[in-house]
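Heads up, the thing below is written out as structure tokens.
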Amino acid sequence: MSVAPQEQLPPPPRSTRVSRFLDVGLRVAGGVVVVVAGAVTAVLELLLAPLRIGGYLVGLAALVAVVVNVTLSWFAIEAVGRRWAVALPAVPWVVIMVAAADRTNEGDVLLIGNWVGLILVVAGVMAFAVMAFRSIVAGPAASGR
């Protein structure tokens with residue numbers, strides 16, 4: 001009885017220093033983009049918080065916060081390649097929201113404690129929390145990392 005010869009697979013390509021450097025550079029650049037985007041979107045949501053149509057508060061800022069924060073969290077995980085990357089957009093977002101809720105020396109407040117401000121903060125933080133939980137539960141096998 002003859003045995004078929006084992007098929008030889010080509011060896012996997014070697015990782016060079018240049019490709020490793022580019023990979024790390026792109027991950028760092030993605031992290032920086034996500035941090036800046038987290039700060040910019042927090043300011044955008046603060047500008048949308050007092051939006052009124054016909055004299056009534058609309059609450060568009062909370063919807064924008066959920067959609068943008070979920071998108072930023074997903075992009076952070078994909079760009080950086082680590083589950084902890086969800087914190088990159090979350091930290092500047094939360095810092096700006098906390099600072100906006102505090103009074104200045106002149107007595108100005110950017111984020112008033114009305115229903116829009118409360119829902120904005122809760123919905124925005126919950127979007128980051130849900131994405132962090134999903135990335136932890138999914139594990140590295142689901143994301144391919």
Side-chain angles (χ1 to χ4, degrees), residues 6-145:
Q6 296 245 343
E7 189 174 313
Q8 294 288 334
L9 296 175
R14 291 182 147 187
S15 177
T16 63
R17 285 188 204 182
V18 174
S19 65
R20 177 74 178 147
F21 178 74
L22 286 175
D23 182 54
V24 171
L26 285 174
R27 289 176 191 265
V28 169
V32 169
V33 166
V34 168
V35 169
V36 171
V40 168
T41 59
V43 172
L44 172 69
E45 292 156 14
L46 285 173
L47 292 173
L48 288 175
L51 180 66
R52 294 176 183 268
I53 294 179
Y56 297 101
L57 282 172
V58 177
L60 180 66
L63 179 63
V64 170
V66 170
V67 171
V68 169
N69 291 356
V70 166
T71 305
L72 282 177
S73 298
W74 170 81
F75 181 74
I77 294 168
E78 291 297 317
V80 175
R82 302 283 185 250
R83 292 182 287 193
W84 57 262
V86 174
L88 292 175
V91 169
W93 191 90
V94 169
V95 167
I96 289 174
M97 289 298 163
V98 168
D102 194 20
R103 289 195 183 277
T104 63
N105 291 337
E106 295 81 21
D108 299 330
V109 179
L110 292 175
L111 187 61
I112 299 174
N114 58 15
W115 69 271
V116 174
L118 295 174
I119 291 176
L120 169 64
V121 172
V122 170
V125 170
M126 286 304 295
F128 284 125
V130 167
M131 289 301 289
F133 181 75
R134 276 193 67 223
S135 70
I136 290 169
V137 171
S143 64
R145 308 225 190 284

- request: To the nearest 0.5 Å, tell me how far Leu46 CG sits from Thr41 OG1.
  value: 9.5 Å
message: Quick check for you: to the nearest 0.5 Å, what is the distance between Asp102 atom CG and Leu110 atom CG?
response: 10.0 Å
message: Counting C-beta onward and ignoring hydrogens, is there a side-chain heavy-atom pair between Met97 and Val125 closer than 4.5 Å?
response: no
message: Can you confirm whether Phe75 sits close enough to Val33 that some side-chain heavy atom of one is under 4.5 Å from a side-chain heavy atom of the other?
response: yes
- request: Answer yes or no: is there a side-chain heavy-atom contact under 4.5 Å between Asn114 and Leu57?
  value: yes
- prompt: So, for Ala87 and Pro92, which heavy atoms are closest and what is the spacing to 0.1 Å?
  reply: O-CD, 4.4 Å
query: Quick one: CE on Met126 to CD1 on Ile119, what's the gap to the nearest 0.5 Å?
result: 13.5 Å
task: Kindly indicate whether the side chain of Asn69, heavy atoms from C-beta on, has any atom under 4.5 Å from the side chain of Glu45.
output: yes
- line: Looking only at heavy atoms, the pair that brings Ala49 and Val116 closest together is O-CG1, 3.4 Å
- prompt: Do you know the tightest heavy-atom contact between Gly30 and Ala79?
  reply: CA-CB, 4.0 Å
- prompt: Could you give the distance from CG (Leu88) to CH2 (Trp93), rounded to the nearest 0.5 Å?
  reply: 16.0 Å
task: Taking all non-hydrogen atoms of both residues into account, name the closest pair between Ala123 and Val66 and its distance.
output: CB-CG2, 3.6 Å
- prompt: Nearest heavy-atom pair of Ser73 and Phe128: which atoms, and what distance?
  reply: OG-CD2, 3.1 Å
query: So which heavy atom on Val109 is nearest to which on Ala101, and how close?
result: CG1-O, 4.0 Å
- request: Mind checking the OG-CD spacing from Ser135 to Glu78? Nearest 0.5 Å is all I need.
  value: 11.0 Å
